[in-house]
Number of protein chains: 2
Amino acid sequence: MIRRFRGESLHKVDAKGRVSVPAAFRRVLEEGDPDFSTGSSPNFVIVYGGVRGSCLEGYTINSISKVDKLISKLPRFSKDREMLERFINTQSTYMQLDETGRIVLSHRLKEKIGIGDEALFAGMGEKFQIWEPKNYQNELNALDSSFKNLSEDENPFLKLDQLQD
Amino acid sequence: MIRRFRGESLHKVDAKGRVSVPAAFRRVLEEGDPDFSTGSSPNFVIVYGGVRGSCLEGYTINSISKVDKLISKLPRFSKDREMLERFINTQSTYMQLDETGRIVLSHRLKEKIGIGDEALFAGMGEKFQIWEPKNYQNELNALDSSFKNLSEDENPFLKLDQLQD
DNA sequence: TGCCATCTTATGGGATATCATGGAATTTTA
DNA sequence: TAAAATTCCATGATATCCCATAAGATGGCA
């Protein structure tokens, strides 16, 4: 089975910026790092320049490579490519779990998304997100209400079954 | 034969949150997990963020993968995709039966649907649901009365045979 | 068809491992 | 050399594993 990032969990951020990454996510990060071997700690990538910018996004090495490959397909000096490279390559950083499964969020990263002493991890399939808990709740509420306002044929759940497979 | 989730049954939830999954459902979960082999225990997925949110929904690995695959076809950063990932991926979790056929419902999951020391399992074809027994009864009653108020041409039983295949 | 042996199921309890988290000690680096 | 970052150790809480048992269900077989 290819595991995906699933579920939510809330973790403490200590004075040094250390946070535990949810154990379930570690398994996915390990599987997604071609250089990982039992005993070592997986590498992965955090993108902080995200489309919406209100959370951090974690990618396995394999899934960020996929994104990189897509970007490389764009014309070399196009505005689009320039922009994506800026957001995804420039505004990102390699990370490595320590042996207790934690990472440290630098002052800069915490500031980016307004994190204090708690961080909310949210699984999103091929990536995961890190949110300041209140902002996350707002995001969920906003999502809920915008979902309620959708007409029948805008409902993404219903659109799903119309896709070919 | 492709087995489907059928029937209802009521099970005790012990102090640790452990519940037996109905034996009939285990067979379906086993068939629906490509990595299952006799001797091992099947994995599956519980979604708790359902559109209605009053029960948990269990999916086999195969059926949730179908959904994942459809979602992956949507453009990577589209609003639709984010919404679906949020409702289906974020609000879900991997589960594995133990060798006596039980799962453990975390405090969080029990809270979500108001479960105390009993859980009602309901087969729904491609998925099953877990309800707090009283809520389940209310749901049944509500369904009954709304069914009685339908006109002839709204009756879903009658609409069934009009579908093309 | 009545009875016994066996298997499966549902459930419980205790032991063990993993996880999340904190603090101290040590190294790096500016 | 002080501040920042990293490594190492410690611990309570939670989750997982392992074993136990009683009640049904199943299946032969006389």
Side-chain angles (χ1 to χ4, degrees), chain A residues 3 5-30 38-44 46 58 93-111 115-123 128 130-131 133, chain B residues 3 5-31 36 38-44 46 48 56 58 93-112 115-123 128 130 133:
Chain A
R3 262 171 210 285
F5 294 106
R6 283 188 190 282
E8 315 162 279
S9 62
L10 185 66
H11 294 264
K12 296 244 179 291
V13 180
D14 72 14
K16 301 178 199 171
R18 292 183 300 187
V19 228
S20 292
V21 171
F25 288 11
R26 293 179 211 160
R27 303 292 97 79
V28 185
L29 291 175
E30 291 168 1
T38 44
S40 74
S41 302
N43 282 94
F44 65 103
I46 283 189
T93 172
Y94 283 106
M95 291 251 126
Q96 185 171 28
L97 291 184
D98 69 19
E99 71 272 24
T100 67
R102 285 184 289 195
I103 53 174
V104 356
L105 299 177
S106 66
H107 185 65
R108 230 174 91 70
L109 284 185
K110 288 199 292 179
E111 205 174 40
I115 268 193
D117 60 354
E118 283 188 323
L120 191 294
F121 286 75
F128 67 89
I130 306 178
W131 288 82
Chain B
R3 267 169 209 284
F5 296 106
R6 284 185 191 284
E8 314 162 284
S9 63
L10 185 65
H11 294 266
K12 295 244 178 289
V13 181
D14 73 14
K16 297 181 196 172
R18 292 181 298 188
V19 228
S20 291
V21 170
F25 288 11
R26 292 179 210 160
R27 301 294 94 79
V28 187
L29 292 175
E30 290 168 1
E31 287 180 17
F36 172 78
T38 43
S40 73
S41 302
N43 282 93
F44 65 103
I46 283 188
Y48 52 86
L56 308 177
T93 173
Y94 285 107
M95 291 255 127
Q96 185 171 28
L97 291 183
D98 67 20
E99 71 272 25
T100 67
R102 285 183 290 193
I103 53 173
V104 357
L105 299 177
S106 66
H107 185 66
R108 234 175 88 72
L109 284 184
K110 289 198 292 179
E111 204 176 41
K112 272 273 178 204
I115 268 192
D117 60 355
E118 282 188 324
L120 194 139
F121 286 75
F128 66 89
I130 307 178

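Numbered from 1 within each chain, the chains take letters A, B, ... in sequence-line order. All values below come from the heavy atoms of this structure, side chains included, with hydrogens, waters and symmetry mates left out.
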Tell me, do F128(A) and F44(A) make a side-chain contact under 4.5 Å, heavy atoms counted?
yes
If you compare all heavy atoms of P133(B) against all heavy atoms of E118(B), which two are closest, and at what distance to 0.1 Å?
CD-O, 3.5 Å
Side chain to side chain, H11(B) and P22(B), heavy atoms closer than 4.5 Å
yes
Considering only heavy atoms from C-beta outward, does the side chain of T93(B) approach that of R6(A) to under 4.5 Å?
no
When all nucleic acid strands are considered with a 4.0 Å heavy-atom cut-off, which category describes R27(B): base, sugar-phosphate, or nothing?
sugar-phosphate
Bending between helix ends of the helix from dT1(C)-dA30(D) to dA30(C)-dT1(D) [5 pairs per end, 10° resolution]
30°
Have a look at V19(B) and say if it touches a base, only the backbone sugar-phosphate, or nothing, with a 4.0 Å heavy-atom cut-off.
nothing
What's the spacing between F121(B) CZ and L56(B) CG if we round to 0.5 Å?
9.0 Å
Taking R27(A) first and then E30(A), would you say they form a salt bridge - that is, a charged N and a carboxylate O separated by under 4.0 Å?
yes
What are the two closest non-hydrogen atoms of K16(A) and V104(A), and how far apart are they?
O-CG2, 4.1 Å
Heavy-atom distance under 4.5 Å between the side chains of I46(B) and I130(B), does that happen here?
yes
Starting at the 5' end of DNA chain C and moving along, which residue's nearest nucleotide shows up first, H11(B) or H11(A)?
H11(B)
Can you measure from CG (L105(B)) to CE (M95(B)) and round to the nearest 0.5 angstrom?
6.5 Å
In the 5' to 3' direction, the nucleotides of DNA chain C bounding the stretch that comes under 4.0 Å of a heavy atom in chain A are dC19(C) to dA24(C)
When all nucleic acid strands are considered with a 4.0 Å heavy-atom cut-off, which category describes V13(B): base, sugar-phosphate, or nothing?
nothing
Reckon R26(A) touches a base, only the sugar-phosphate, or nothing at all at heavy-atom distances under 4.0 Å?
sugar-phosphate
Derivation and outcome, side-chain hydrogen bond (donor to acceptor under 3.5 Å, both in side chains), residues T100(A) and R102(A)
CA-CA 6 Å; T100(A) 67; R102(A) 285 184 289 195; 3.2 Å; yes
One character per nucleotide, please: for nucleotides 7-26 of chain D, 5' to 3', B when the base has a protein heavy atom closer than 4.0 Å, S when only the sugar-phosphate does, - otherwise.
BB-------BBB--------
